[in-house]
Amino acid sequence: MRDLGAKNGHQHVVIIGAGPAGLTAAYELLKHDIATTVLEKDPKYVGGLARTVEHKGYRFDIGGHRFFSKNQEVEDLWTEILGSEMLTRKRLSRIYYRGRYFAYPIKAANALWNLGPIEAVRCMASYAYARVRPIRNPRSLEDWVRNQFGWRLFSIFFKTYTEKVWGISTKELSADWAAQRIKSLDLWLVLKSALMPRRRPTNRSDVVTTLIDRFRYPRFGPGQMWERVAEIRRKKGRPVLHGRTVDRIEHDGGRVRSVVTRTASGEIEEHQGSDFISSMPIRELVSRLDPAPPESVRRAAESLSYRDFISVAVMIDRADVFPDNWIYIHDPTVKVGRIQNFKNWSPDMVPDQSKTCLGLEYFCFEGDGLWTATDDALVERARNELAQLGICKPEEVFDGVVVRQAKAYPVYDDVYQAKVDVIRDYIREHLTNLHLAGRNGMHKYNNQDHSMMTALLVARNIATAGSVDPWKVNADAVYHEEVRVGEKDLSARQVPERLAGSAL
Ligand SMILES: Cc1cc2nc3c(=O)[nH]c(=O)nc-3n(C[C@H](O)[C@H](O)[C@H](O)COP(=O)(O)OP(=O)(O)OC[C@H]3O[C@@H](n4cnc5c(N)ncnc54)[C@H](O)[C@@H]3O)c2cc1C
């Protein structure tokens with residue numbers, strides 16, 4: 001076993017994970033002249049969920065990553081790291097449903113127009129019925145949205161996509177989530193918006209909405225940001241240690257002493273430090289503690305769940321396939337949930353401008369039928385679904401590659417918060433030099449900016465013996481990716497919660 005890391009008396013921080021959180025902490029600690037070791041299980045990539053995968057010169061994200069933050073410090077940090085390599089891109093994203101493209105965010109007049117006169121009349125009738133005969137005390141998302149919009153609009157614009165993303169029936173998702181975030185349908189406003197031209201943005205919410213029309217994006221994808229940080233470290237003689245999976249976190253006397261990693265070839269290393277930052281999923285972190293924590297903590301960690309994700313990148317022999325950055329696929333006849341067109345994020349994502357690279361996103365659970373399908377079967381599915389949606393012909397797809405991403409989304413069920421609190425309190429009290437940061441690292445539905453902010457605070461606490469609470473970051477964060485209909489409340493968390501008592 002090799003012993004790497006801190007010598008007695010020196011401050012040396014061991015960081016688990018080279019995603020946005022881990023590398024932001026490392027970058028900040030570099031500014032404070034504090035030595036760090038970054039351990040990453042991936043043999044090749046940095047960036048974690050925000051990495052950019054490369055296949056024969058085609059680059060693609062694990063889900064398209066917009067760089068957008070209300071936090072100026074994070075925006076400035078992105079500029080500091082990548083400078084002019086940060087592009088500002090215009091956003092176009094629409095919803096595909098039964099052969100039609102609907103504006104997103106949804107505009108009721110546009111939706112009714114697109115549905116055609118017969119379906120529009122049906123939707124209005126179903127809306128009228130829901131208003132006259134509302135479900136009393138709606139508990140589920142399904143009941144609440146049906147009350148506001150009528151069953152038909154609900155089933156077109158809410159049901160299929162929400163169920164694809166979360167893998168849970170809308171009957172089992174809590175109504176509170178929808179009630180806080182979705183505007184009700186006001187027929188007078190629908191008519192007014194159809195007849196009157198758009199006014200200029202005047203209030204804060206409009207300004208934020210306008211900002212979402214544009215976003216920043218690195219020329220070579222989000223991974224470029226983290227590749228640059230890794231490069232800065234490498235030049236300082238501190239390369240990210242790839243292929244190191246954390247096996248054991250050894251502690252005694254209320255402090256973590258070392259992290260033991262294992263490489264693919266079975267080589268074991270021990271990394272000692274004065275402080276430890278973890279951005280690995282909490283569930284795994286707790287299971288690696290040695291000695292093991294009390295049963296209540298282990299059980300809390302085991303109860304945390306995740307939604308997993310598959311991205312199938314396909315290369316198409318055509319220059320222009322569709323103009324959007326991405327399209328939401330509400331159509332229930334296919335399994336794909338979203339399709340990214342990476343060339344529209346940045347032209348440099350493809351090596352040849354006469355070709356296109358699309359990323360078909362499938363939401364799944366680790367071990368289910370999609371997850372365990374072979375790569376060939378998934379590429380074939382992607383090819384067939386693209387043809388079925390009329391996006392391209394099967395023979396235009398000349399290559400495809402599959403990326404499986406476990407734990408892409410921390411699930412917010414009705415018990416997760418209490419469980420996370422148990423783990424957080426245990427670590428605070430019993431492992432005082434272990435600091436949690438990031439998305440799965442804190443089981444928080446963070447975008448990059450908030451993952452980075454938690455890491456910045458943790459790093460500064462270590463460097464300056466500060467005590468700012470990173471758990472306060474993101475208490476009322478915005479997750480633009482999931483802002484759906486109407487975008488009423490842009491300052492609220494956009495994650496649905498399960499109804500108490502319903503099983504996952
Ligand atoms: C589909 C999708 C779309 C998204 N879109 C956006 C977007 O548009 N804009 C945006 O800002 N954010 C977006 N996000 C969120 C963003 O990806 C995350 O907030 C960010 O990557 C979290 O950073 P992190 O460092 O906390 O975690 P991660 O990115 O998960 O990094 C953790 C790192 O730890 C490593 N690790 C895990 N376990 C171990 C172990 N046992 N040993 C060693 N290393 C380990 C992992 O390999 C990984 O590299 C999106 C996420 C998804 C899934």
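Both ligands and their constituent atoms are indexed starting at 1 by order of listing.
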Going by distance only, is there an N or O of [X] that falls short of 3.5 Å from an N or O of ligand 1?
| X | result |
| --- | --- |
| I16 | no |
| M280 | no |
| H65 | yes |
| D449 | no |
| R288 | no |
| G438 | no |
| N447 | yes |
| F309 | no |
| R338 | no |
| K41 | yes |

Parallel, tilted or perpendicular, as decided by the 30° and 60° cut-offs, for the rings of F363 and F309: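 Perpendicular, since the angle between the ring planes exceeds 60°.
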Contacts of Y426 that satisfy ring pair (Phe, Tyr, Trp, His ring centres under 6.0 Å) - sequence neighbours left out: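 Expected list: H430.
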Face-on cation placement of R216 at W78 ring, 6.0 Å and 45° thresholds: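 No; the conditions do not both hold, so R216 does not lie above the ring face of W78.
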Go through ligand 1 atom by atom and flag the ones less than 4.0 Å from a non-hydrogen atom of [X].
| X | answer |
| --- | --- |
| A408 | 53 (C) |
| R66 | 7 (C), 8 (O), 9 (N), 10 (C), 11 (O) |
| N446 | 15 (C), 18 (C), 19 (O) |

Lys/Arg N to Asp/Glu carboxylate O, E80 vs K31, below 4.0 Å: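 The answer is yes: the pair qualifies as a salt bridge.
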Lys/Arg N to Asp/Glu carboxylate O, R257 vs E270, below 4.0 Å: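 Yes, R257 and E270 are salt-bridged.
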Test applied, ring pair (Phe, Tyr, Trp, His ring centres under 6.0 Å); reference residue, H330; option that passes from F102, Y161, Y96: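 Of F102, Y161, Y96, ring pair (Phe, Tyr, Trp, His ring centres under 6.0 Å) with H330 is met by Y161 alone.
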Under 4.0 Å, counting heavy atoms only: does [X] come that close to any atom of ligand 1?
| X | value |
| --- | --- |
| G441 | no |
| S311 | no |
| F215 | no |

Nearest non-hydrogen partners of R439 and A408, listed with the distance: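 Closest heavy-atom pair between R439 and A408: NH2-O, 2.5 Å.
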Pairwise side-chain contact, H251 with F276, heavy-atom cut-off 4.5 Å (strictly under):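 Counting from C-beta outward, H251 and F276 never come under 4.5 Å.
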Any W166 side-chain heavy atom under 4.5 Å of E172 side chain: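 Side-chain contact under 4.5 Å: no.
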R383/E380 under salt bridge (charged side-chain N to carboxylate O under 4.0 Å, His left out): CA gap, chis, key distance, verdict: CA-CA 5 Å; R383 187 199 303 266; E380 198 48 29; 3.3 Å; yes
